[in-house]
Amino acid sequence: MNQNNKDDTGANKGLMDFIQESQQDVLESNYSETEENGNDDDFSDDEEEEFEDYEQILEEKGKDYVLLAPENLSASYLIDVKYDGKNEKAYVKLFNPDDEKVYRWYDSTNHLPYLLTTVKKTDVEHILKNEKEYIGCELVKRYNRLNQKNISLTKVLATNPLAIGGRSKSYREKIKPSFEANIRYHLNYIYDNALVPGLFYEIVDNKLIRKEPRLQDEVKKNIMAIFEGQSKEILELVEQYLPLFFAPIPSLKRCSVDIEVESEKNKIPDPNTATQKVISVGITNEKQQTCVYVLNENKKPIDRSKITVDVKEFDKESELLIEVFKEMSRYPLVITFNGDSFDFLYLNNRAKKLSIEESVIPFVLTRTQDIYLVNGIHLDLYRFFRQPAIRIYAFGGAYERNTLDELGRTLLNKEKLKHDKDIWELNLEELIEYNGRDAEITFELTSFKNNQVIELIIMLSRITKMPIDDFTRASISIWIQNWMYFEHRIRNNLIPRQEDILRLKGDTSTEAIIKGKKYQGAIVIEPQAGVWWNVYTLDFASLYPSIIKTRNLSYETINCSHQECKKNKIHETKHWICEKQVGISSMLVGFIRDIRVYWFKDRAKDQSLTERERTQSNVIQSSLKVLLNASYGVFGSDNFALYCPPVAESTAALAREAISKTKQYTEEKLGLKVLYGDTDSIFVHKPTPENVKELEKWSMDTFQIELGTDYIFRYCCLSDRKKNYFGITTKGTPIVKGLMGKKKNTPELAKKPFEKALKILSDVQNPDDLDNAKERIIKTIKRVNQKISKREFELEELAISVTLSKKIEQYDSWTQPLQAAIQLIINFPDGEKPTVGSLISFIKTKPFKIQSHDIKLSDKISKSNECSVKPIQLANKSDVDIPKVKELLKSTLIQLLDTIGISWSESIEGQKSLDSWFS
DNA sequence: TGTAGGCACCGCTTGCACACGCT
DNA sequence: AGCGTGTGCAAGCGGTGCCT
């Protein structure tokens with residue numbers, strides 16, 4: 001029997017056994033052998049012959065680089081799991097640190113694609129009687145979390161994943177209901193064998209066996225102590241995850257690749273046609289050596305004194321490419337920035353165009369337009385850094401836009417080389433330097449801060465059980481889905497279908513405040529306008545995940561079938577929660593919350609530890625933070641596999657309850673004034689240290705959630721606008737939230753006086769200083785206002801920069817950014833077309849009409865042609881609409897001024913008219 | 001080609017009341 | 001009187017960026 005099926009009683013009791021067992025013999029064959037498969041692998045001992053044998057089963061493309069694993073291989077790093085369609089087998093890629101080579105190991109257990117169904121075996125055989133790819137059925141048992149019952153199922157096996165799902169006549173279309181039929185095969189392979197990408201495995205007699213890291217007994221003991229008294233399931237999770245956290249992360253040998261392509265003026269080279277020559281390729285390796293492979297057909301002399309990198313010259317483009325491919329194949333990990341859509345796509349198509357032999361082209365294109373490497377793995381940093389969860393939670397929003405230049409500038413403090421010319425005008429030396437710098441920046445994005453990014457990627461890959469190249473291309477809901485699927489499978493739990501969850505639990509019962517939303521969300525406490533001295537902001541530590549944990553929220557525990565549980569109601573909703581079963585998402589989210597808060601978070605800052613221990617702890621805590629912060633939201637997102645609106649709704653409702661009760665307690669029991677609050681925080685006026693302590697204790701006793709102090713404001717200015725305030729901390733640091741002066745689309749002209757005013761306010765120590773500061777602020781602003789009247793400004797200072805969030809033809813409203821984008825298209829027909837993500841800069845002008853355009857637009861606005869803005873590229877100073885600029889300055893600064901009691905019309909405008917009266 | 005909902009602000013769009021002029 | 005059209009206004013809505 002399949003080892004995964006032996007735990008017929010379901011639930012979690014077999015998990016520890018399972019882990020133990022998997023260490024000894026992970027991949028013991030489970031199925032009765034089917035001898036149909038012609039490629040059965042009795043590998044010869046002779047190495048050369050061995051290669052002969054394998055050659056026929058390897059795909060043509062890139063096969064020169066593939067090295068098959070020997071019968072026995074020392075501990076190697078599991079970097080990838082894939083499926084080989086020609087051989088109908090899963091394989092893994094192992095990086096062996098001893099010889100620094102990547103080996104490919106094909107499944108030796110005859111693991112097969114399958115689906116599960118409640119249809120009886122005889123009926124299945126009837127349905128599939130003419131199917132050549134059908135192999136047979138097995139009877140298996142699973143535990144169904146949704147109804148808490150063991151269930152007998154038919155496991156339908158096929159030779160090929162496409163037979164199961166992915167075609168119009170796949171088995172999953174014919175056999176209904178079918179379960180677990182839409183999981184990609186290589187992921188199934190990972191789950192079934194409990195593989196963890198990023199851990200060490202060795203091959204013994206052609207079996208893949210996990211190598212356990214050594215754990216310090218002391219560390220283990222201390223961590224177990226954190227979870228003392230918690231349920232058995234949680235303790236098992238700790239055991240399961242400690243090796244993932246503490247296995248060393250080896251420094252992966254790797255290189256970055258960046259290409260430059262010959263191009264005509266104002267034309268972007270098209271990687272699909274690849275009609276232009278590749279003129280240079282920069283490669284940087286882990287020793288920080290950069291080499292630029294440059295095409296020099298006319299053998300122009302290169303002045304080496306002007307060059308800081310290594311150079312290899314080629315007079316034939318095809319030779320250049322072949323050499324680059326060969327160099328890339330030496331690395332288990334190859335990094336690009338946007339390689340999926342440009343560099344590698346271009347190289348691939350260009351190589352075909354130049355008739356380079358398939359066997360030396362290392363790329364594999366997938367249906368979803370990702371590009372994998374035959375031998376190593378391809379990490380496209382553009383895809384990784386683009387993830388909102390990564391941008392915000394792992395990097396604190398350090399970069400705004402996902403471009404190589406901005407990432408380099410904000411994370412590395414290293415900019416792309418600037419030049420006035422365009423690529424095709426550069427001389428060879430300039431081209432080499434430029435290309436080399438891009439390759440360097442790309443590489444350093446993975447190596448800065450002791451390889452922070454690469455370690456983050458590997459740690460998240462271990463936790464989510466996704467191969468690195470899948471993981472870096474997928475979004476956060478897929479990460480969490482995969483993580484939870486894995487945890488279902490190793491517990492022998494049936495993975496529920498989204499439709500079943502929805503049918504049983506789908507309804508929400510609260511009304512959202514914003515039209516079009518599914519349920520009610522957070523509370524924002526009405527701010528008390530004014531200047532407040534000595535203000536504490538208290539907030540709950542990861543409130544939503546904490547609620548999921550403490551209140552046992554999960555798709556199977558919400559609205560369970562037990563009559564007795566119905567009394568366990570959730571505030572303001574119709575939902576109740578199960579008291580008999582521990583919810584799987586509650587358990588998983590709770591576990592990573594606890595271990596982050598109680599272990600890794602402190603250790604990331606603990607000066608008594610070594611630097612190495614600190615950075616590793618930091619990598620782990622930020623990985624966990626990324627998952628935690630998304631763990632609530634995914635349940636409210638209909639493209640999440642375990643989508644369960646009542647779970648999300650209940651989480652939000654319980655959070656509302658927590659914050660309201662806290663406000664009430666603070667006001668009524670402690671007699672303090674609550675000035676403001678948002679979601680998980682309250683602003684308290686003048687609490688004593690004892691007050692704060694009492695609140696912390698009360699919160700722990702009432703909700704089992706930590707309430708901590710975030711900022712202590714010397715003073716804090718609130719207006720009547722929510723999510724809109726600023727304060728100066730006791731250390732003199734200004735904290736600004738939501739004010740227009742901070743928004744990225746506000747023109748510099750308004751931002752500058754805003755910043756100045758803020759600086760003045762930072763120095764204010766007491767109410768008397770404030771009056772003084774007000775005077776100075778008024779003067780500053782008046783000066784700016786006068787300058788505007790006299791048109792004393794640069795055009796750039798007025799630019800409003802906005803990101804397009806949709807394609808041009810999808811806009812239903814004739815908005816200003818759209819007007820500017822269309823003018824750009826009309827005036828620069830060969831230029832880069834504005835589209836999703838483009839940053840458009842424009843200035844406000846008096847209304848004017850543009851020539852009727854033949855750009856495809858939505859029906860609603862296709863006839864519009866009157867514009868109120870001009871893109872900065874086309875505008876003159878004389879176009880500027882002065883009253884509108886003043887309006888803009890006013891609305892930006894008024895947010896700041898009215899909180900400190902300055903009236904715009906009296907202090908700024910009124911004063912000005914007096915001035916002019918006297919002069 | 002998505003983790004959620006709540007909020008501020010800008011400016012276009014739309015619907016309505018009303019005036020007006022024509023038949 | 002009945003109808004179409006122009007005008008001014010306010011509310012609604014689309015869009016962007018932000019907060020938690």
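Chain identifiers are assigned alphabetically (A, B, ...) following the order of the sequence lines, protein sequences preceding nucleic acid strands; residue numbering begins at 1 within each chain. Basis for what follows: all heavy atoms, side chains included, without hydrogens, waters or symmetry-related copies.
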Among the candidates [options], find the nucleotide nearest to the side-chain atoms of [X].
| X | options | answer |
| --- | --- | --- |
| A:Met740 | B:dC9, B:dG11, C:dT20 | B:dC9 |
| A:Ile861 | B:dC10, B:dT13, B:dG6 | B:dT13 |
| A:Lys744 | B:dC7, B:dA8, C:dG17 | C:dG17 |
| A:Gln816 | B:dG6, B:dG11, B:dT3 | B:dG11 |
| A:Gln819 | B:dC12, B:dC7, C:dT20 | B:dC12 |
| A:Lys807 | C:dT20, B:dG11, B:dT1 | B:dT1 |

Please classify the nucleic acid contact of [X] as base, sugar-phosphate, or nothing, using heavy-atom distances under 4.0 Å.
| X | value |
| --- | --- |
| A:Tyr519 | sugar-phosphate |
| A:Gly633 | base |
| A:Tyr725 | sugar-phosphate |

Within the pair [X] and [N], is there a side-chain N or O less than 4.0 Å away from OP1 or OP2?
| X | N | result |
| --- | --- | --- |
| A:Arg721 | C:dC19 | no |
| A:Ser475 | B:dT1 | no |
| A:Gln895 | B:dC9 | yes |
| A:Lys722 | B:dC7 | yes |
| A:Ser477 | B:dT3 | yes |

Within 45 degrees of the axis of the six-membered ring of A:Phe848 and under 6.0 Å from its centre: does A:Lys870 put its NZ or CZ there? yes
Could A:Lys806 and A:Tyr811 be counted as a cation-pi pair, given that NZ or CZ must be under 6.0 Å from the ring centre and within 45° of the axis? yes
Determine yes or no for a side-chain-to-main-chain donor-acceptor pair under 3.5 angstrom, with [X] supplying the side chain and [Y] the backbone.
| X | Y | value |
| --- | --- | --- |
| A:Thr733 | A:Thr729 | no |
| A:Lys751 | A:Lys743 | yes |
| A:Arg473 | A:Arg383 | no |

Donor/acceptor link under 3.5 angstrom from A:Lys723 side chain onto base of B:dC7: no
[N] [atom2] sits how many Å from [X] [atom1], rounded?
| X | N | atom1 | atom2 | answer |
| --- | --- | --- | --- | --- |
| A:Asp881 | B:dC10 | CG | P | 15 Å |
| A:Leu739 | B:dC7 | CG | P | 17 Å |
| A:Leu718 | C:dC19 | CG | P | 15 Å |
| A:Asp340 | B:dT1 | CG | C1' | 14 Å |

Of A:Val836 and A:Ile523, the one whose closest nucleotide on DNA chain B sits nearer the 5' end is A:Val836
Do A:Lys744 and A:Ser801 come within less than 4.5 Å of each other through their side chains, counting heavy atoms only? no
Fit a plane to each ring of A:Trp479 and A:Phe471, take the angle between them on a 0 to 90° scale, and name the class: parallel (under 30°), tilted (30 to 60°) or perpendicular (over 60°). tilted
Treat primed atoms plus P, OP1 and OP2 as sugar-phosphate and everything else as base, then score nucleotides 6-15 of chain C 5' to 3': B for base contact with protein heavy atoms under 4.0 Å, S for sugar-phosphate contact only, - for none. -------SSS
Heavy-atom neighbours of A:Lys673 NZ exceed 12 at 6.0 Å: no
